[in-house]
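Below is one structure, written out as structure tokens; comments come after it.
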Amino acid sequence: MRTTLSSLMIAAVLAGSAAAQPASGPYAVTVEIDPDLPGHTVYRPADLAAVKGKLPVIAYGNGGCANVGTSAEVFLTEVASHGYVIAAPGPIVRAAPGSPPPAGPRVQSKPGQMMDTLAWAAAENAQAGGAYAGRLDLSKLAVMGGSCGGLEAIAAAKDPRVKTALVLNSGVIRGAIRNADGSTRAPSGQIPASEADLPQIRVPIVYLVGGPSDRAYAGAEADFAQINQVPVFNANLDVGHSGTWREPRGGEMGRAALAWLNWKLKGDAKAATLFEGPDCGLCKDPRWTVKKKGMK
């Protein structure tokens, strides 16, 4: 979550997006820069006319608040293939396997870019003759992000246009940040959300976290304890801060995130069984540690 991304983080970001895996959804996906949404990368079904029903829209926040629109390309392509439009901050940046990342500074995105995505969706949906005219469901808007981008999602979750929020390997920072080797460091760079944002959340929220070794674990646990006004689902998979997002289709955490979106934005009853009830799918899965409140 630093202002300038390290070369190691840059390499990981680009390596994760260099070779996208086949998505499982029914729609081929286009990854593009839309001139009406400058500074973002848009993921959408390639043939919008072929999509059944209107498309929900997701404003995504990258890990490290990186201004690289393809930092989560594998996962976001998977989600878009199921009939979603997603905008992530930053341009399309890819590196060939084994090659170094492009030179140049890597700066953080701006928190307001999630709001830009929501405004863009409304304008595009109303634009007569446009590609998205009448095709977007403005009652089904979500904010979602990983690590620093998860803090952006927390901050944006109070927006009345938002239907649900997904916080991935993230949580409000309280005190020092735990490093992978067990040491700690003070927060630096952009910190998009604080404890003051938590009581302002007005939508169901899910935390998908990488277990006790995840540097965001303590923050996510404290967030869960403090959020009492909305349904909240907290699930940990013991994989650390990087999660499974660069695995094919986003891995196990990607499967859970997509199910939450399908439930909350598409009313998918089968997807809901992963989260609802004492015998919910993730509750019974020995790989996951689950707690929840304000919901069945």
Side-chain angles (χ1 to χ4, degrees), residues 13-14 16-18 20 23 25-95 102 104 106-146 149 152-153 156 159 161-166 192 245 250 257-258 261 265-266:
V13 164
L14 297 176
S17 61
Y27 307 111
V29 173
T30 290
V31 180
E32 65 183 6
I33 302 296
D34 189 307
D36 292 329
L37 187 61
H40 294 73
T41 296
V42 175
Y43 299 76
R44 65 167 178 85
D47 185 355
L48 293 169
V51 177
K52 297 179 181 178
K54 295 187 176 183
L55 295 102
V57 178
I58 302 166
Y60 185 77
N62 299 317
C65 290
N67 198 52
V68 178
T70 42
S71 68
E73 184 173 9
V74 171
F75 168 53
L76 298 185
T77 298
E78 168 67 9
V79 174
S81 78
H82 288 266
Y84 292 89
V85 174
I86 310 163
I92 295 172
V93 181
R94 297 188 180 102
R106 301 294 171 188
V107 297
Q108 289 184 317
S109 59
K110 298 176 181 178
Q113 286 179 268
M114 281 193 172
M115 301 300 100
D116 293 342
T117 293
L118 302 185
W120 167 82
E124 291 295 307
N125 196 58
Q127 184 176 325
Y132 296 101
R135 299 189 189 280
L136 304 180
D137 190 338
L138 301 181
S139 70
K140 302 294 176 61
L141 306 179
V143 290
M144 174 172 72
E152 292 183 323
D159 190 290
R161 295 170 292 182
V162 172
K163 179 77 171 181
T164 191
L166 294 84
W245 309 107
L258 177 59
L261 290 166
L265 300 186
K266 296 192 173 188

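Sequence positions, counted from 1, serve as the residue numbers for this chain. Side-chain atoms are counted along with the backbone in the values below, which use heavy atoms only and exclude waters and symmetry mates.
Around the NZ atom of Lys266, the shell of radius 6.0 Å holds more than 12 heavy atoms that belong to other residues, nucleotides or ligands.
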What do the steps show when you test Thr117 against Val143 for side-chain contact (heavy atoms from CB on, under 4.5 Å), and what is the final call?
-> CA-CA 10 Å; Thr117 293; Val143 290; over 6 Å; no
Going through the checks in order, is the side-chain contact (heavy atoms from CB on, under 4.5 Å) test met by Tyr43 and Thr70?
-> CA-CA 10 Å; Tyr43 299 76; Thr70 42; 3.9 Å; yes
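In this structure, the side chain of Asn62 does not engage the main chain of Ala72 through any donor-acceptor pair within 3.5 Å. Proximity of a side-chain donor or acceptor of Glu152 to a complementary backbone N or O of Gly145 within less than 3.5 Å is not detected. The closest donor-acceptor contact from the side chain of His82 to the backbone of Ala80 lies at 3.5 Å or more, if one exists at all. Asn125 places a side-chain N or O within 3.5 Å of a backbone atom of Gly134 that can act as its donor or acceptor partner. When atom types are taken as modelled, the side chain of Thr30 and the backbone of Arg44 share no donor-acceptor pair closer than 3.5 angstrom.
When Asn67, Asp116, Ile33 are each tested for a side chain to side chain contact (heavy atoms under 4.5 Å, CB included) with His40, only one passes: Asp116.
Closest approach of Gly69 to Ala88, counting heavy atoms only: O-CB, 3.8 Å. Residue Gly149 comes nearest to Cys65 through the heavy atom pair N-SG, 3.9 Å, listed as atom of the first residue, atom of the second, then distance. Of all the heavy atoms in Leu55 and Leu48, the pair that sits closest is CD1-CD2, 4.3 Å. Taking both residues in full, the closest heavy atoms of Trp120 and Asp36 are given as CD1-O, 3.5 Å, listed atom of the first, atom of the second, then distance. Looking at every heavy atom in both residues, Tyr60 comes nearest to Gly146 through OH-N, 4.0 Å. A pairwise comparison of heavy atoms in Met114 and Ala59 identifies CE-O, 3.6 Å as the closest pair.
Leu76 has its side chain out of reach of Ile58: every pair of non-hydrogen atoms, C-beta onward, lies at least 4.5 Å apart. Put simply, the side chain of Met144 reaches to within 4.5 Å of the side chain of Leu261, judged on heavy atoms.
Annotation: the span from Leu37 atom CG to Glu124 atom CD amounts to 8.0 Å, rounded to 0.5 Å. The distance from the CG atom of Leu141 to the OG1 atom of Thr164 is 11.5 Å, given to the nearest 0.5 Å.
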